[in-house]
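Structure, as structure tokens:
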Amino acid sequence: MRAARSNSGASAGFWLAAMMVMLLSATAIDCADPQTPSADPMPTMLRGLRIGMSEQELRTARPAAEKFVFLEERESEKKDPNPLYVESFSGSLFFDTGMYLFCQHKLCEVSLTAIGSGDRFADRQAKVLQGALRKWGQNPERFLNLGAGSLDPAGQMSLEHSKVEPRKRGALLWTLGSLKVAATFAPDEGKRERPAELGVTIAAPQLLPKDQHRIFFESLAPVRSASDARLFALLERRAEPPLFD
């Protein structure tokens, strides 16, 4: 997978990822019935992955993942200890793209992203978010994600060098030992350039380079107003199984 080199290229595709993910609804799922969070932080669709694994282990586990290479990259740069691998999912009920970031030759961040519009995509968001609550726990911290811009079709986003007006997204954050899991989401605004967004990022903050650590955390802000809180209405949307797990 190739892309033109740009100032924002180094940070493209790392957080939203950080973008998007969700919860639990009564009737379709018994929300009064507490669920035990899964011991494996990785989603079922990525079974076999683990934070800290080597590139060779990733290539074995996800043979469809391709190394993200910039055009005209020098041979020495291709040995970057912090490569990014990208995988497109065909026919997934939940996500369009997976991104796997390495830090000093160890997998340090996994991101799943999707964009769309309309009621069908809102249903998809609800399936992911409500499944995420069952998988990682029903009491995540709630934030706004204030990253600028939107995800492109490859699931990439830059928080810097963007001329797009910053967009508020809902964000759920779980702490699982040394790992952080962030789910971010934005509703359909009826604008082609600002589609609905959905993303989940699983990361080991202690392994992230400073710029990625900043992208992961500094875009989060408290939920302060009623209009901000309405972003989380997706968590109450009826979600029919199968749910994300």
Side-chain angles (χ1 to χ4, degrees), residues 8 11-23 41-46 49 51 65 68 84-89 92-101 108-117 121-133 135-136 140-159 162 164 166-174 176 179-189 194-205 208 212-221 231-232 234-235 237 239 243-245:
S8 61
S11 59
F14 296 137
W15 158 239
L16 282 169
M19 279 196 158
M20 311 125 200
V21 117
M22 276 105 268
L23 286 57
M42 288 296 167
T44 298
M45 64 186 293
L46 297 181
L49 291 193
I51 296 296
F68 189 86
L84 173 69
Y85 285 78
V86 180
E87 177 180 9
S88 295
F89 302 125
S92 171
L93 295 174
F94 308 119
F95 292 102
D96 302 330
T97 305
M99 292 169 284
Y100 316 115
L101 174 66
C108 60
E109 183 175 291
V110 172
S111 294
L112 300 168
T113 61
I115 58 174
S117 61
F121 192 78
D123 289 342
R124 190 175 177 182
Q125 290 175 306
K127 286 175 179 285
V128 169
L129 295 175
Q130 294 176 24
L133 287 182
K135 180 173 181 61
W136 292 307
E141 297 177 84
R142 293 190 180 194
F143 294 98
L144 298 180
N145 178 276
L146 303 179
S150 295
L151 293 174
D152 66 18
Q156 298 172 348
M157 182 185 75
S158 173
L159 300 183
S162 174
V164 180
R167 181 181 194 180
K168 288 184 179 181
R169 303 168 177 86
L172 304 175
L173 184 66
W174 290 265
L176 306 176
L179 301 183
K180 295 286 186 179
V181 177
T184 60
F185 49 97
D188 183 3
E189 297 180 359
R194 290 167 80 97
E197 300 175 359
L198 176 64
V200 170
T201 297
I202 303 166
L208 294 177
Q212 265 60 63
H213 191 280
R214 177 172 52 82
I215 289 171
F216 196 101
F217 292 105
E218 290 189 8
S219 59
L220 299 180
L231 286 170
F232 295 84
L234 275 168
L235 303 183
R237 187 182 181 95
L243 301 184
F244 172 76
D245 62 359

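Residues: numbered from 1 along the sequence shown.
Closest non-hydrogen pair, Leu146 versus Ala221, comes out as CD1-CB, 3.6 Å. Taking each heavy atom of Pro41 and Leu176 in turn, the nearest pair found is CB-CD1, 4.0 Å. Annotation for Gly98 and Leu112: closest pair CA-CD2, 4.0 Å, computed over non-hydrogen atoms. Between Leu234 and Ala126 the shortest heavy-atom distance is O-CB, 4.1 Å. Shortest non-hydrogen contact noted between Gly131 and Leu243 is CA-CB, 4.1 Å.
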TODO: Give the intermediate values and the outcome of side chain to side chain contact (heavy atoms under 4.5 Å, CB included) for residues Lys168 and Leu231.
DONE: CA-CA 9 Å; Lys168 288 184 179 181; Leu231 286 170; 4.2 Å; yes
Open item on the list: Checking Thr97 against Glu87 for the side chain to side chain contact (heavy atoms under 4.5 Å, CB included) test, could you report, in this order, the C-alpha distance in whole Å, the side-chain angles of both residues, the deciding distance, and whether it holds?
Closed with: CA-CA 6 Å; Thr97 305; Glu87 177 180 9; over 6 Å; no
TODO: Would you please test Lys135 and Val181 for side chain to side chain contact (heavy atoms under 4.5 Å, CB included) and show each step?
DONE: CA-CA 11 Å; Lys135 180 173 181 61; Val181 177; over 6 Å; no
- [ ] Test Asp188 against Ser117 for side-chain hydrogen bond (donor to acceptor under 3.5 Å, both in side chains), laying out the working first.
- [x] CA-CA 6 Å; Asp188 183 3; Ser117 61; 4.5 Å; no
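Between atom CG of residue Leu101 and atom CG of residue Leu208 there is a gap of 7.0 Å, rounded to the nearest 0.5 Å. Separation of atoms CG (Leu198) and CG (Asp96) is listed at 9.0 Å; rounding is to 0.5 Å. Distance check: Arg124 CZ to Ile115 CD1 gives 10.0 Å after rounding to the nearest 0.5 Å. Interatomic distance, OG1 of Thr113 versus CZ of Phe89, reported as 8.5 Å (0.5 Å rounding). For the atom pair CZ of Arg237 and CG of Asp123, the computed distance is 4.5 Å after rounding to the nearest 0.5 Å. Put simply, CG on Leu144 and CG on Leu220 are 9.0 Å apart, with the number rounded to the nearest 0.5 Å.
In this structure the side chain of Leu172 never reaches within 4.5 angstrom of the side chain of Trp136, judged on heavy atoms. Side-chain contact check for Ile202 versus Leu46: every heavy-atom pair is 4.5 Å or farther apart. Contact annotation: the side chain of Lys180 never approaches that of Thr201 to less than 4.5 Å [non-hydrogen atoms, C-beta and beyond].
For Ser92, the side-chain hydrogen bond (donor to acceptor under 3.5 Å, both in side chains) test picks out no residue, with sequence neighbours left out. Under the ring pair (Phe, Tyr, Trp, His ring centres under 6.0 Å) criterion, Phe94 pairs with Phe244, not counting sequence neighbours. Residues passing the ring pair (Phe, Tyr, Trp, His ring centres under 6.0 Å) test with Phe232 are Phe185, sequence neighbours excluded.
Side chain of Ser111 to main chain of Met99: no donor-acceptor pair is present (N/O by atom type, distance under 3.5 Å, no hydrogens or angles). A side-chain donor-acceptor contact under 3.5 Å links Gln125 to the backbone of Ala186.
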